[in-house]
Number of protein chains: 2
Amino acid sequence: MQPTSPLPPLRLSVPGPSGRADAAVTLSTVARLVASGAAVSKADLVAAAGLARTTVSTAVDELLARGVLRPDGARPTTGRGRPADRLAMSARGGHVLLADVGARGAHLAVVDLSQRVLAHEHIDIDVQDGPDAVLAAVEDALTALRGRARHPGDGDPAVRAVVIGLPGPVDGNLGIPVRPPIMPGWHAYPVSARLQRTFDCPAVLENDVNLRALGEARALPADQVPLLFVKVGTGIGGGLVSREGVLHHGADGAAGDIGHVRVRGGPDTACVCGNVGCIEAVASAGAIARRLAAEPHQLGVATIADVRALIARGDPDALGVVREAAGVIGELVATLVHFYNPARVTLGGSLTAASDELLAGVRSVVYQRALPLATRNLVLTNSVLGEYAGLAGAAVLGIERVLSPPGMDALTAPRP
Amino acid sequence: MQPTSPLPPLRLSVPGPSGRADAAVTLSTVARLVASGAAVSKADLVAAAGLARTTVSTAVDELLARGVLRPDGARPTTGRGRPADRLAMSARGGHVLLADVGARGAHLAVVDLSQRVLAHEHIDIDVQDGPDAVLAAVEDALTALRGRARHPGDGDPAVRAVVIGLPGPVDGNLGIPVRPPIMPGWHAYPVSARLQRTFDCPAVLENDVNLRALGEARALPADQVPLLFVKVGTGIGGGLVSREGVLHHGADGAAGDIGHVRVRGGPDTACVCGNVGCIEAVASAGAIARRLAAEPHQLGVATIADVRALIARGDPDALGVVREAAGVIGELVATLVHFYNPARVTLGGSLTAASDELLAGVRSVVYQRALPLATRNLVLTNSVLGEYAGLAGAAVLGIERVLSPPGMDALTAPRP
DNA sequence: TATTTTTCCGTCGATATCGGACCGTGATGC
DNA sequence: GCATCACGGTCCGATATCGACGGAAAAATA
């Protein structure tokens, strides 16, 4: 019965480097709780961080001395007891620069560590122009935006971090795009290194859909994770936020790249990737536009904006094609819901902003196909942040980067 | 340009409860490193845990005093310098009971905290008999097995944990099955509570495929995660191990439940779940058996063992049907590889043990369909642990449970 | 054989964080 | 005026961790 041992040596998981609870971690914890708005007083911090009052007190003192936090004088009475001394992120904490670059344009913003949007704008770019031209335009615009972002009396806050999202696969560790299909000339271009040199601060590179997924997840209650974000635009992409609220990148940073999944319906449709039947070739906004322009519709649409106009007008042909696409996307979403069992699926991209047709179509398929266990508590909606979801995710990454123990050290007020 | 703020308040992630690096965490870290075989001396522990020698030393002393560790006298010379005083898990650390219950049988085992398999056996059960009968049989067999597992001179080690895997969706927190399709009468039955009472120790309930996935992941090098395990047997199921090496359960513990995903091919095939075109109804071992028994083959197969025999004999009809199923499964795997981007996909279940037909078929489709970025480093193989993968996963869960800070407290030698 | 080198391990004091106890402060209600 | 409630500052003891020093055991070298 017990001839030889059937089990090989198994690795057991070991909790972190364990090390001592470094003071830097405590500082970071306190700073992030204030920055996220989860705590505005020391009493809040004690409750939220689970630390002793004295520990919180010393941490806050340190952060006040460094100029990261500032007292926020107002003491609104809550009715009973002594009102709390309020805390806020100091304006001297510095700026975080954000760029959410799409295929044809980029959303830019300057935020401070308390998530205030100091300035933002949209610029027209074309990623086809290559990294040099696009990044130069982004850098110039960000620099100009920063000039406009200065509040009177705040001095000249330093740039603490830059975050950029690009519409293609990236290697976040190396800070480079990895063979992005729609971005010729960007492969292995040192995006992070360039931005880091330009602004003399840490730079973070992330995929654009991942940024949207993260933004959505962090704008929602904490029970809305795991979250699956599906963007339907010129292409189709996905982003995954795990139960812990962090992005899932997969082994090669390629997770969520669902545009070239094979789907039922239109098995003969050729795709730019060389295969046939990819969902992107069948159900993306681009595919819908092409289909409406061809037989038997011939509606004379060329751009996605035309498609949106048709849908808004309630054109039956267009709605029919969208419904069909929604069915295809819905089946994929149903599969992924089975597999990943998210708490929430969020639809984004140009097509979802136009109307609710896509959402309705996806919903009907998912709730019909997926098993009750996985859909009982599932929330399936359109993006709540819309076109700003990417900036929101970038803000999260940037602020967390600045307020993390490694970046935290550099965080000292220029002049007390 | 900056009309109103486009961003709502965003939650920032906060590192754990932060609290001080509790001594219990250090103890747990050291114990797990020894238990996993990653360290056999204090010097190893210093390197592996990243702690100071003195910290490791006091932790080891404490664990020796508690009877968790024991000195392992032999000091094999490594060629230079003073040989290390070797450490091992004490036999007095206690036993962990494992049960991997399938539809028609159960693998049982008794292991100690150093992963030694003290005894194991396979018993015949039928989950259709209901929880009372099955769990009574499992409990009896485990008790008997434990009797045989006593090493001479080890005294009577206590049972520290019980782990059970069941072939259906479970709620690990509540310790109950959740509407399992093939286990009538098991819904909401308090499995964990019953085992906890029977053996007077913590009980862990997990899905059987998840156990296999975890076992595989922990038996492989640490760079083989994220890992996707796909079991093809009577049904089809999946298990996910994240990059951190832990199981992904999803929002409702339903993650990996991919048996009822819709696939291309055989869209009219009805499934027990009420839908049509489910992969389980098209490509599972059960579906293959049914297909071979019907037109146009009529091979007179009834069980999965018959199918395996046909495949082993190289029957062309059977191989054709298996190839077809492999294609269907391969397309699903390709989709999931795009989506989750695992470092490794492992195939398991009765069909993969019979021959390499399934693996070959899946591989050809995945490498044809999936994009290079996601498959460049992908390893796609059969299970390395075979039928014992579930027990391996159970051992990991059980030992980690015992060696975690909460369970650690109970870990004290009965007599010094 | 004596010495050096190498590696492992124990002891001690220094540091710094953590958490409890105590007290002061600012508001409300009786 | 007094009690109550809640926030916050300060002191001090507990203790986890670390660094430095020195001792121990084996092999290499002179």
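Scope of the values below: all heavy atoms of this structure, side chains included, with no hydrogens, waters or symmetry mates. Bear in mind the structure is a predicted one, so any value in this text is a computation, not a measurement.
- For S90(B) (side chain) and G67(B) (main-chain N/O), a donor-acceptor pair under 3.5 Å exists by modelled atom type.
- For the pair T26(B) and dA16(D), the criterion of a side-chain N or O lying under 4.0 Å from OP1 or OP2 is not met.
- With rounding to whole Å, D72(B) atom CG is found 13 Å from dC9(C) atom P.
- Atom CG in D61(B) sits roughly 13 Å away from atom P in dA16(D) (whole-Å rounding).
- Here the CG-CZ distance, from L397(B) to R218(B), works out to 8.0 Å after rounding to the nearest 0.5 Å.
- With sequence neighbours left out, the side-chain contact (heavy atoms from CB on, under 4.5 Å) criterion links A48(B) to L33(B).
- Between S57(B) and dC9(C) there is no side-chain N or O to OP1 or OP2 distance below 4.0 Å.
- Nucleotide dC9(C) holds its P atom 12 Å from the CG atom of L64(B), rounded to whole Å.
- Here dG8(D) presents its P atom at 15 Å from CG of L51(A), a figure rounded to the nearest Å.
- Checked for salt-bridge contact, R11(A) and E400(B) miss the test: no charged N lies under 4.0 Å from a carboxylate O.
- An angle of 10°, rounded to 10°, separates the two end axes of the helix from dT1(C)-dA30(D) to dC30(C)-dG1(D), each defined over five pairs.
- Screening residues 34-43 of chain B for salt bridge (Lys or Arg N to Asp or Glu O under 4.0 Å) gives no qualifying pairs among residues at least two apart or on separate chains.
- At whole-Å resolution of the value, CD in E62(B) and C1' in dT17(D) are 16 Å apart.
- In this structure, CG of D44(B) is placed 8 Å from P of dC8(C), rounded to the nearest angstrom.
- For dG9(D), one of the phosphate oxygens OP1 or OP2 lies less than 4.0 angstrom from a side-chain nitrogen or oxygen of K42(A).
- In this view, E206(A) satisfies the salt bridge (Lys or Arg N to Asp or Glu O under 4.0 Å) rule with no residue, not counting sequence neighbours.
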What nitrogen or oxygen pairs link the protein and nucleotides 20-23 of chain D at under 3.5 Å?
unit_1  : atom_1 : unit_2 : atom_2 : d
dG23(D) : N2     : R82(B) : NH1    : 2.9

- [ ] Go through the steps to decide whether S57(A) and R53(A) satisfy the test side chain to side chain donor-acceptor pair (under 3.5 Å), and finish with yes or no.
- [x] CA-CA 6 Å; S57(A) 219; R53(A) 283 173 287 285; over 6 Å; no
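- For the salt bridge (Lys or Arg N to Asp or Glu O under 4.0 Å) test, no residue two or more places apart in sequence or in another chain qualifies with E244(B).
- For P83(B), taking side-chain heavy atoms from C-beta onward, the closest of the listed nucleotides dG8(D), dC8(C), dA25(D) is dA25(D).
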TODO: In sequence, state the C-alpha distance, the side-chain angles, and the governing distance for V96(B) and D112(B), and then conclude on side chain to side chain contact (heavy atoms under 4.5 Å, CB included).
DONE: CA-CA 6 Å; V96(B) 177; D112(B) 64 15; over 6 Å; no
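- With rounding to whole Å, L45(B) atom CG is found 16 Å from dG10(C) atom C1'.
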